[in-house]
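Structure record follows, encoded as structure tokens.
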Number of protein chains: 2
Amino acid sequence: MSDKRHQLVMTALELFYQKGVHAVGINEVLAASGVAKKTLYHHFDSKEALVLAALRYRDDSFLHWLTRRLQTAPAGSERIGALFDALDDWFNSRVDELLPFNGCFFINVSGEFGEVDHPLHQQCSQHKRNVAALIHAEVQALGITPSRVAPLTDALCLLKEGAISMAHVQGDLTAAVKAKHAAKQLITAHG
Amino acid sequence: MSDKRHQLVMTALELFYQKGVHAVGINEVLAASGVAKKTLYHHFDSKEALVLAALRYRDDSFLHWLTRRLQTAPAGSERIGALFDALDDWFNSRVDELLPFNGCFFINVSGEFGEVDHPLHQQCSQHKRNVAALIHAEVQALGITPSRVAPLTDALCLLKEGAISMAHVQGDLTAAVKAKHAAKQLITAHG
DNA sequence: AAACAGGTAGACCGATCTGTCTACATGCAG
DNA sequence: CTGCATGTAGACAGATCGGTCTACCTGTTT
């Protein structure tokens with residue numbers, strides 16, 4: 001992997017995440033990254049390919065970050081708490097590697113590329129499934145009745161997504177705390 | 001209110017909602033609505049003003065629709081159920097007046113105009129507060145301990161937002177049903 | 001020495017963008 | 001009758017878009 005390629009992906013992610021994909025032109029990415037246009041089109045076929053690479057990079061770094069954060073707490077219900085604590089840090093821009101909070105990149109991109117069969121939209125969908133799989137594993141580790149694992153996982157994912165949306169659209173930076181409280185009640189009800 | 005103006009707002013909403021604001025040019029709106037460009041700029045100062053009008057129109061029609069839907073159920077916990085039943089109809093595009101489902105217009109626009117102080121973003125924020133107020137009133141009508149009204153309202157809003165996001169990004173058209181189940185448990189836990 | 005991968009700067013292309021403008025038509029109020 | 005609001009069609013301006021291209025530079029490998 002070339003150095004310049006990585007530089008392009010990082011810069012593209014920053015700009016697309018902060019301003020939106022359609023609002024940022026290829027020339028802006030080039031100026032910000034200090035890379036020549038020819039080099040960009042040497043590594044990527046099109047702007048869309050660059051966006052896709054940025055989505056994949058974000059998918060990777062987000063999952064790694066979240067995995068690390070969950071491991072800070074002992075397995076069990078405390079891990080679910082750690083999930084929402086992590087979200088709280090993200091919303092309040094206390095996580096450098098996730099960039100200043102501007103909602104969920106994948107939700108934002110899905111809004112710009114609404115068609116279900118669009119490659120960018122599908123990549124966003126894949127990311128959400130990846131995160132859901134992480135949460136699913138933690139719910140299983142709770143040791144609750146197997147038939148209740150799926151519904152609880154769904155509920156936690158709904159709370160997580162809702163918190164992201166509320167934090168971004170309404171600017172409610174306490175959304176993760178609220179979601180954590182609701183999650184606690186659901187887990188208690190399941191126990 | 002002029003006839004042409006209303007026609008413009010309706011067409012603009014349809015196109016911006018389905019394809020995104022930046023992806024739709026003013027000329028496309030004009031061609032689809034059969035209105036002259038001069039007329040558009042007679043009624044609106046800019047494209048942004050047209051988007052704002054579309055947001056306001058959507059805010060209005062969504063709130064009216066939801067209010068009507070909630071009233072179909074007797075006041076109390078059944079109204080909360082009716083909320084998620086309504087969402088389920090929306091997600092599955094069974095509500096003509098809300099147009100074919102493509103996520104939440106306000107979440108989508110917030111993604112395209114991320115800056116918190118942007119007029120379009122603020123309009124999106126306002127819409128969410130309006131819906132939250134509706135839900136807050138229904139939660140109060142449950143007659144639960146007053147100190148628990150706000151947390152439960154927050155939780156229901158989180159589930160609602162999460163369901164919209166999951167339905168759109170992941171294409172999970174059963175998201176409203178899942179949210180309804182989680183909501184039921186929360187209400188039971190509160191009672 | 002030759003060939004090649006990867007890089008630079010930036011001119012250039014055709015398309016599209018928002019917004020302005022001219023020129024003209026219609027219907028209603030003073 | 002006059003004036004104004006409202007409408008039409010569409011040319012036009014100036015900027016920006018994604019993407020291609022020429023011309024040149026710098027290492028490394030063969």
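Remember, predicted model here, so these are calculated numbers, not experimental data. Residue numbering restarts at 1 for every chain, and letters A, B, ... go by the order of the sequence lines.
Nearest nucleotide to the side chain of A:Ile26, out of C:dG7, D:dG18, D:dT8: D:dG18. Side-chain proximity of A:Tyr41 to the nucleotides D:dT8, C:dT8, D:dG18 is greatest for D:dG18.
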Carefully, step by step, assess A:His6 and A:Tyr57 under the rule ring pair (Phe, Tyr, Trp, His ring centres under 6.0 Å). CA-CA 9 Å; A:His6 188 237; A:Tyr57 179 74; 5.7 Å; yes
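Checking side-chain atoms of B:Thr11 against main-chain N and O of B:Gln7 turns up a donor-acceptor pair under 3.5 Å.
Residues A:Phe113 and A:His22 bring their aromatic ring centres within 6.0 Å. A:Phe62 and A:Trp90 have their aromatic ring centers within a separation under 6.0 angstrom.
Atom CG in A:Leu8 sits about 13 Å away from atom C1' in C:dT8, given to the nearest Å. Remark: C1' of C:dG19 and CG of B:Asn27 are 10 Å apart, rounded to the nearest angstrom. Atom pair A:His42:NE2 and C:dA5:C1' shows a separation of 7 Å (rounding to whole Å applied). Atom CG in B:Leu40 sits roughly 10 Å away from atom P in D:dT8 (whole-Å rounding). Residue A:Gln7 contributes atom CD, which lies 13 Å from atom C1' of C:dT8 at whole-angstrom precision. B:Leu30 has its CG atom 15 Å from the C1' atom of D:dA11, to the nearest Å.
Classification of B:Glu28 and B:Lys19 as a salt-bridged pair holds, one side-chain N sitting under 4.0 Å from a carboxylate O. With salt bridges taken as basic N to acidic carboxylate O contacts below 4.0 Å, one links A:Asp172 and A:Lys178.
Evaluation of atom-type donor-acceptor distances gives a pair under 3.5 Å for the side chain of A:Lys37 against the base of D:dG19. The base of D:dG10 is not paired with the side chain of B:Lys38 by any donor and acceptor separated by under 3.5 Å.
An OP1 or OP2 oxygen of D:dG18 is reached within less than 4.0 angstrom by no side-chain nitrogen or oxygen of A:Ser46. The side chain of B:His43 places an N or O atom within less than 4.0 Å of a non-bridging phosphate oxygen (OP1 or OP2) of D:dG7. Between D:dG7 and B:Lys4, no contact under 4.0 Å exists linking OP1 or OP2 to a side-chain N or O.
Both key distances under 3.5 Å define a Watson-Crick or G-U pair, and stretches of 3 or more such consecutive pairs in DNA chain D run C:1-30 with D:1-30.
Below 30°, between 30° and 60°, or above 60°: for B:Phe91 and B:Phe101 the angle between ring planes is between 30° and 60°, a tilted geometry.
B:Val29 comes within 4.0 angstrom of no nucleic acid atom, judged by non-hydrogen atoms across all strands.
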